[in-house]
**Q** 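Dropping the structure in here first, questions after.
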Protein chains: 2
Amino acid sequence: MSAGHTAVTTPAPDEPVIVCETPQDECGVRDVLDRLGDKWSVYVVVELASGIRRFKELQRAIPGNISQRMLTLTVRRLERDGLVKRTVYAAVPPQVEYELTELGHSLTHLIKSLADWSIAHRPAIAASRTAWDASHPKPTGGE
Amino acid sequence: MSAGHTAVTTPAPDEPVIVCETPQDECGVRDVLDRLGDKWSVYVVVELASGIRRFKELQRAIPGNISQRMLTLTVRRLERDGLVKRTVYAAVPPQVEYELTELGHSLTHLIKSLADWSIAHRPAIAASRTAWDASHPKPTGGE
DNA sequence: CTGCATCCGGTATGATACTG
DNA sequence: CAGTATCATACCGGATGCAG
């Protein structure tokens, strides 16, 4: 080996701010993010946090015009994870109601915190982005 | 109109658990989720929460074998949003250090909560998924 | 070592049409 | 009204090669 340069100053482990309590895998953050990471899950949870909603109501309440397909997929996943409860009524015009489970409600608090943080720091983030964009001109033909 | 069935029992607005403080748009949750929603951002923040890291160190520390491309894109975005600070040293073997900014550290707290929730409810979620899968057989060529 | 460009595939998202 | 199926598209993420 040509290993010279005295390598790097071995980085001290520092003190872990976030510890992984599950040595089996990585931090469990991924589990939640995978569910909340998609485009609509959060909005469904937020809307459902206010009470029981029907399919169409959910679709209308969610900003951004979610398609039936996406709404279906989203609520299905949430239902599978036990965050949402789906109730079907055998009526002539089919009626399905969605509501948060206990698990779902417990997540509500987290999302609320996330929303608060987002709202509080949005200006700072926006400013940072603007500044960054300004100092990083994209070579789109002009210099 | 042919609307019979006494329609639906008009759903009362209920009391909003999560309110949108920004009428201009939707809830600000999207802002954070868009940044945390990708596959690696969270891990970078988690790792950086423990201290300053170099590019290669970051790559090695993150579980799941992140590619250079993704690491670069991820830290760039975080840097653009002002969550991460990037310092370049004009050394012969290029050296770049990454560290969390104040904004980044404040997010650490949220992620910790998210991780805690995830870890605490992982068993419940896993059980729910198993139960759901069992009652929802997929027609993979079967009858 | 660090970072960028290009090609490529998988998945998520979405528009539309059709069924119960 | 609720949900599924199909097709098309956009973006994410990975592999590789090259450059400072």
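Since the model is a prediction, treat every value here as computed from it, not as a measurement. Order of the sequence lines fixes the chain letters, A, B, ..., with proteins taken first and strands second; residue numbering starts at 1 for each chain.
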**Q** I need the CZ-C1' distance between B:Arg53 and C:dT2, as an integer number of Å.
**A** 18 Å
**Q** Produce a footprint string for nucleotides 13-20 of chain C: one letter per nucleotide, 5' end first; B if the base is under 4.0 Å from any protein heavy atom, S if only the sugar-phosphate is, - if neither.
**A** BBB----B
**Q** In this structure, how many angstroms lie between the P atom of C:dG10 and the CG atom of A:Asp34, rounded?
**A** 19 Å
**Q** What is the nucleic acid contact for A:Tyr98, judged by heavy atoms within less than 4.0 Å: base, sugar-phosphate only, or nothing?
**A** sugar-phosphate
**Q** Can a donor-acceptor pair be found, under 3.5 Å and without considering hydrogens, that links the side chain of A:Glu57 to the backbone of A:Arg54?
**A** yes
**Q** Do you reckon B:Phe55 sits in the same ILVMFWY cluster as B:Val92, going by side-chain contacts under 4.5 Å, direct or chained?
**A** no
**Q** What is the nucleic acid contact for A:Thr72, judged by heavy atoms within less than 4.0 Å: base, sugar-phosphate only, or nothing?
**A** base
**Q** What is the minimum heavy-atom distance between A:Ser128 and B:Gly82, and which atoms define it?
**A** OG-N, 3.0 Å
**Q** For A:Leu83, does its backbone N or O pair with a side-chain atom of A:Thr101 as donor and acceptor, under 3.5 Å?
**A** yes
**Q** In whole angstroms, how far is the P atom of D:dG13 from the CD1 atom of B:Ile62?
**A** 12 Å
**Q** Return yes if some donor-acceptor pair links the side-chain N/O of B:Ser135 with the main-chain N/O of B:Trp132 below 3.5 Å, else return no.
**A** yes
**Q** Which listed nucleotide (D:dG3, C:dC4, C:dC1) is nearest to the side chain of B:Arg76?
**A** C:dC4
**Q** To the nearest Å, give me how far apart CD (A:Glu97) and P (D:dC1) are.
**A** 14 Å
**Q** For A:Thr72, what residues pass the side chain to side chain donor-acceptor pair (under 3.5 Å) criterion, not counting sequence neighbours?
**A** none
**Q** From A:Arg77 CZ over to A:Trp40 CH2, what is the distance, rounded to the nearest 0.5 angstrom?
**A** 12.5 Å
**Q** Is there a continuous path of hydrophobic side-chain contacts, each under 4.5 Å between heavy atoms, that joins B:Ile52 to B:Tyr89?
**A** no
**Q** Looking at five pairs on each end of the helix from C:dC1-D:dG20 to C:dG20-D:dC1, what is the angle between the two axes, given to 10 degrees?
**A** 40°
**Q** Where the side chain of B:Gln59 meets the backbone of B:Ile66, is there a donor-acceptor pair that is under 3.5 Å apart?
**A** yes
**Q** What nucleotide among D:dC1, C:dC1, C:dG3 has an atom nearest to a side-chain atom of B:Arg54?
**A** C:dC1
